[in-house]
Structures are given as C-alpha cells and as structure tokens.
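Whatever order the structure lists ligands and atoms in, that order sets their numbers, starting from 1. Any value given below was found using the heavy atoms of this structure, including those in side chains, with hydrogens, waters and symmetry copies removed.
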Amino acid sequence: MLNSKIADLLNEQVNKEFYSAYLYLDFANYYADAGLDGFANWYQVQAQEERDHAMMMRRYLLDNGDKVVFQAIAGPDKSFADNTAPLKAGLEHERFVTASINEIYAQAFALKDFKTMQFLDWFIKEQGEEEKNADDLIKKMELFGHDAKGLYALNQELAARVYAAPVNGPAM
Ligand code: FEO
C-alpha cells in the first residue's frame, strides 16, 4: 500500500485527468460547432490521451493495493470569445496539471516514496511535452490563423493527428 497522503493525491489526480478529457472534449465541441473539424479532431485525440493518464494512475493505485475512489467530474464551464481562446485555456490548464503532478512528486520525495517518484517520471516528461504542444498551437494560430487560407491549412494539419496508445508509459 502507498502512504495514504500519496494515495489520496493520486486519486485526486485521476479525477483531474478525467476532467482534462472532459474539458478537451468540450473544446472539440466548440471547434466542431465552429466548422473547424481539424481543431476538433486534435482535441478529441487529446481527450483520449487524458483518459489514458487517468487509467495509468488508476492502475498504479490498484497495483499497490490501494482503493480507487471516483469523484464527480465537474462540467466544463468556459465560454470562448474567439478561436484562439480554447488554445490559451488549454495551455493554462496544462500548467495547472503540471503544478498538481509536481506537488505529488514533492510529497513522494518528502516521504522517500521512490517508487511513486519513478512512476511519476513519465508524467513529468509528458507535461513538458503537453505544455510545449499547447504553446506551439497558440503560436501557429497567432501566425497563420488570422487569414482564411492560413486557418484552412492549420485546420488541415490538425485534422491529421491520430490517436496512438502511449509508448513506454506506465501500464493502464
Ligand atoms: Fe494529463 Fe494534459 O495532462
């Protein structure tokens, strides 16, 4: 069994990851409604990755003999002023998730829970990539998204994203 503080934090993180999936599906809904199916696809794939993150943490809790306790998932409540707003909200959200995972890592370090630190290493790296992806999307949108041809091309690019199960990640 894990230290109860770590188990509680990981259970909360499971909820945050499922919420992330819900939030990104909400972004996908926004873009689908706006006729930007490539952007919608990108966030739909992102939602699948978030679900994977939740499943990895669920599996880790189970494998350590800890209870998984599901909490209610909050409804996304953001409204967006323009097509760039979800991208910015996405980066802000990833920074929030990074801080949350860093906090679990810090607690694991304080408790000399080296197993959990090792488990979280994959997520630390993943957060770095997700923040970069979110930031790149904003930059591309600001560079190319303000004229119809540029937006069309960017939408096509994002339509090409395909879900792939994580490689070298923790078991789900
Ligand atoms: Fe699972 Fe985007 O953090």
Side-chain angles (χ1 to χ4, degrees), residues 2 6-32 36 38-64 66 68-78 80 83-109 113 115-141 157-172:
L2 300 166
I6 297 293
D8 288 349
L9 287 171
L10 285 170
N11 262 306
E12 284 170 25
Q13 194 63 36
V14 167
N15 184 274
K16 286 174 187 168
E17 299 293 340
F18 277 127
Y19 173 76
S20 300
Y22 215 30
L23 181 69
Y24 291 144
L25 275 179
D26 192 51
F27 291 8
N29 295 340
Y30 167 86
Y31 283 120
L36 290 166
F39 285 74
N41 171 68
W42 199 93
Y43 277 111
Q44 193 171 314
V45 172
Q46 191 58 37
Q48 287 172 286
E49 289 200 359
E50 298 301 348
R51 175 212 172 262
D52 290 350
H53 300 166
M55 295 299 280
M56 289 168 179
M57 289 174 184
R58 170 185 172 272
R59 172 57 49 201
Y60 183 71
L61 283 162
L62 291 175
D63 286 350
N64 281 283
D66 282 286
V68 179
V69 184
F70 285 157
Q71 302 290 334
I73 301 168
D77 59 354
K78 293 187 191 303
F80 305 114
N83 292 332
T84 309
L87 309 180
K88 291 186 172 165
L91 177 59
E92 190 186 328
H93 183 68
E94 286 307 324
R95 286 177 175 156
F96 163 77
V97 172
T98 298
S100 181
I101 289 176
N102 285 350
E103 181 54 32
I104 308 173
Y105 204 100
Q107 289 287 341
F109 179 72
D113 179 354
K115 182 169 61 174
T116 296
M117 288 164 68
Q118 197 168 54
F119 168 72
L120 290 174
D121 278 340
W122 185 87
F123 290 91
I124 300 283
K125 186 161 176 274
E126 177 75 3
Q127 282 310 120
E129 287 170 14
E130 294 207 336
E131 282 193 35
K132 182 184 182 308
N133 289 342
D135 195 43
D136 284 351
L137 270 184
I138 294 169
K139 284 186 184 135
K140 282 184 184 178
M141 190 65 165
E157 181 188 320
L158 300 184
R161 186 180 186 192
V162 176
Y163 168 77
V167 279
N168 303 323
M172 284 194 260

With no hydrogens and no angle check, is any side-chain donor or acceptor of Asn41 less than 3.5 Å from a backbone partner on Arg161?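 At least one qualifying donor-acceptor pair exists.
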For the side chain of Ser100 and the backbone of Phe96, is there at least one donor-acceptor N/O pair under 3.5 Å apart?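 Side chain of Ser100 to backbone of Phe96, a donor-acceptor pair under 3.5 Å: no, none is there.
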List-wise, which protein N, O or S atoms are found short of 2.8 Å from atom 2 (Fe) of ligand 1?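 Listed by chain and number, the atoms are Glu50 OE2, Glu94 OE1, Glu94 OE2, Glu130 OE1.
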Which residues pass the ring pair (Phe, Tyr, Trp, His ring centres under 6.0 Å) test with Phe27, sequence neighbours left out?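 Phe27: ring pair (Phe, Tyr, Trp, His ring centres under 6.0 Å) contacts with Tyr24, Tyr43, Phe80.
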For a side chain to side chain contact (heavy atoms under 4.5 Å, CB included) with Met55, tell me which candidate from Met57, Arg51, Arg59 qualifies.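 So the option named by the test is Arg51.
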Please identify which of these residues, Lys125, Glu131, Gln127, meets the side chain to side chain contact (heavy atoms under 4.5 Å, CB included) condition with Glu129.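 One option only clears the test, and that one is Lys125.
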Give a yes or no on this: more than 12 heavy atoms of other residues, nucleotides or ligands lie within 6.0 Å of atom CZ of Phe109.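 Result for CZ/Phe109: open.
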